[in-house]
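Take a look at the structure below.
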Amino acid sequence: MLMTDLSSAPMGRRRVLLAGSAAAAAIGIGAGTAAARPESAAAADTATGTRDTAAICTLTKELTEGPYYLDHALVRANVAEDKKGVPLELVLTVVDTTTCAPLNKALVEIWYCDALGEYSGFVGNNGHQEPDNGTFLRGGVLTGTDGVAKLTGIYPGWYRGRCIHIHLKVHTGVTLTPDGSFTGGNEVHTGQLFFDEKITEAVAKLSPYSTNTVPRTPLSADGIYGNGGTAAGLLAVTALGSTPSAGYRGTLTVGVDPDA
């Protein structure tokens, strides 16, 4: 039976915030030069992982983990394995919720479905049969002193009842192990990353996404995203080339409470 993660997002004591000059301008608050910086300059800084992390921070709630999480604790920057699809780079900057200072050695973990909407470990739940090794499109990396975690994979596909998204966890205090995984630490954030609908429409026309037989739920109809904008995890996405097949880079600053 197909499982979906349409449950309401839990409200715990842990706080998460997302920083962005565009969000700051939208709500009309600012400090220093963060709100006054041109959006193009801010986007360029974010893409290279050099964005001013003293930017205004916007509070938001965490989002549901969903039913497809597997506690593999894989540490790797490239999660694609042999999956075919449009190349995707993620540049995620983790900052402290109180100070917005970059958080060093935070483990940023992602997991998501392939172009046919199938999750590793659960292949067949979206109606497509393919090999399942239980690990594709899962993994995470530590942030550096700049708070930046860089991961690569493919643009996600979709499954019934959900828009295109990537699941996200942030852990602090983990210990890396020789077998390429991590142990211990504290889970300080669970959320999701989302994509602009116009970009998704372009990607959905390409193979192998176009062979996904399940109807696609648009961002506007997704019950988890809830039109939350950047505060809910909407990535700033830039093209890596002149055509959709060349791929995209998604950036976001995620603030967490490391003491949660």
Side-chain angles (χ1 to χ4, degrees), residues 1-11 16 18 23 60-70 79-80 83-90 92 109-130 132 136-138 151 153-169 189-239 244-245 247-252 254:
M1 177 180 294
L2 178 68
M3 300 170 65
T4 58
D5 52 351
L6 295 177
S7 58
S8 0
M11 292 294 290
V16 59
L18 304 175
T60 189
K61 63 183 179 180
E62 295 190 337
L63 298 179
T64 178
E65 176 184 283
Y68 297 119
Y69 181 66
L70 292 176
V79 302
K83 286 297 171 181
K84 303 300 182 184
V86 171
L88 176 68
E89 299 176 0
L90 292 174
L92 305 174
E109 181 183 17
I110 60 172
W111 70 101
Y112 61 101
C113 66
D114 66 8
L116 297 182
E118 303 291 347
Y119 280 85
S120 57
F122 302 90
V123 167
N125 277 4
N126 202 42
H128 307 89
Q129 296 304 316
E130 56 183 6
D132 186 0
F136 64 77
L137 300 175
R138 299 179 184 272
L151 299 115
I154 62 168
Y155 201 92
W158 64 91
Y159 54 99
R160 193 176 302 277
R162 287 300 318 276
C163 70
I164 283 183
H165 63 280
I166 291 176
H167 291 273
L168 170 74
K169 283 185 183 288
H189 174 56
T190 299
Q192 297 180 26
L193 306 173
F194 299 95
F195 298 82
D196 182 89
E197 188 66 19
K198 290 183 179 180
I199 296 174
T200 291
E201 288 175 355
V203 171
K205 296 175 182 178
L206 304 177
S207 179
Y209 303 91
S210 58
T211 64
N212 189 337
T213 59
V214 172
R216 186 175 62 81
T217 299
L219 191 67
S220 60
D222 187 79
I224 301 299
Y225 173 69
N227 295 317
T230 303
L234 186 65
L235 292 160
V237 180
T238 56
S245 61
Y248 297 91
R249 176 184 294 114
T251 64
L252 192 69
V254 181

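Note: hydrogens, waters and symmetry copies are ignored here, and every other heavy atom, side chains too, is used. We number each residue from 1, following the sequence as shown. Predicted model only: the values in this text are computed from it and were never measured.
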Side-chain heavy-atom pair H128, V214 within 4.5 angstrom cut-off: yes
Heavy-atom side-chain proximity of P156 to L88 below 4.5 angstrom: yes
Shortest non-hydrogen separation from F195 to L219 and the atoms involved: O-CD2, 3.7 Å
Shortest non-hydrogen contact from T190 toward E65: CG2-CA, 3.8 Å
Plane angle bin for H167 and Y119 - parallel if under 30°, tilted between 30 and 60°, otherwise perpendicular: tilted
Residue list, salt bridge (Lys or Arg N to Asp or Glu O under 4.0 Å) with E197, at least two apart or on another chain: R216
Value rounded to 0.5 Å, distance of OG1 in T251 from CG in L193: 10.5 Å
is_close_aromatic(Y159, F122), centroid dist under 6.0 Å: no
Any donor-acceptor pair under 3.5 Å from Q192 side chain to G233 backbone: no
Contact summary for D222 and Y225, nearest pair of heavy atoms: OD2-N, 2.8 Å
Minimal non-hydrogen separation, R160 against P215, with atom names: NH1-CD, 3.7 Å
Sub-4.5 Å side-chain heavy-atom contact between Y248 and V203: yes
Atom pair OH/NZ of Y112 and K83 - distance to nearest 0.5 Å: 11.5 Å
Minimum heavy-atom distance W158-N126, with the two atoms named: O-ND2, 3.2 Å
Contact summary for S245 and P87, nearest pair of heavy atoms: O-CD, 3.4 Å
side-chain contact (heavy atoms from CB on, under 4.5 Å) evaluation trace for Y209 with V86: CA-CA 9 Å; Y209 303 91; V86 171; 3.8 Å; yes
Stepwise side-chain contact (heavy atoms from CB on, under 4.5 Å) test for D114 and V123: CA-CA 10 Å; D114 66 8; V123 167; 5.8 Å; no
From CG (L168) to CG (L92), nearest 0.5 Å: 6.5 Å
Between NZ on residue K84 and CD1 on residue I154, distance to nearest 0.5 Å: 10.0 Å
Ring-ring centroid check Y69 W111, cutoff 6.0 Å: yes
Derivation of the side-chain contact (heavy atoms from CB on, under 4.5 Å) call for F194 and L252: CA-CA 10 Å; F194 299 95; L252 192 69; over 6 Å; no
Distance in Å, L70 CG paired with R138 CZ, rounded so as to fall on 0.5 Å steps: 4.0 Å
Atom pair CG (L137) and CD1 (I110), whose distance is rounded to the nearest 0.5 Å: 8.0 Å
Exam field: side chain E62 to backbone G191, donor-acceptor pair closer than 3.5 Å: no
side-chain contact (heavy atoms from CB on, under 4.5 Å) between T200 and Y155, worked out: CA-CA 9 Å; T200 291; Y155 201 92; 2.8 Å; yes
Check: H165 and I224 side chains under 4.5 Å, non-hydrogen atoms: no
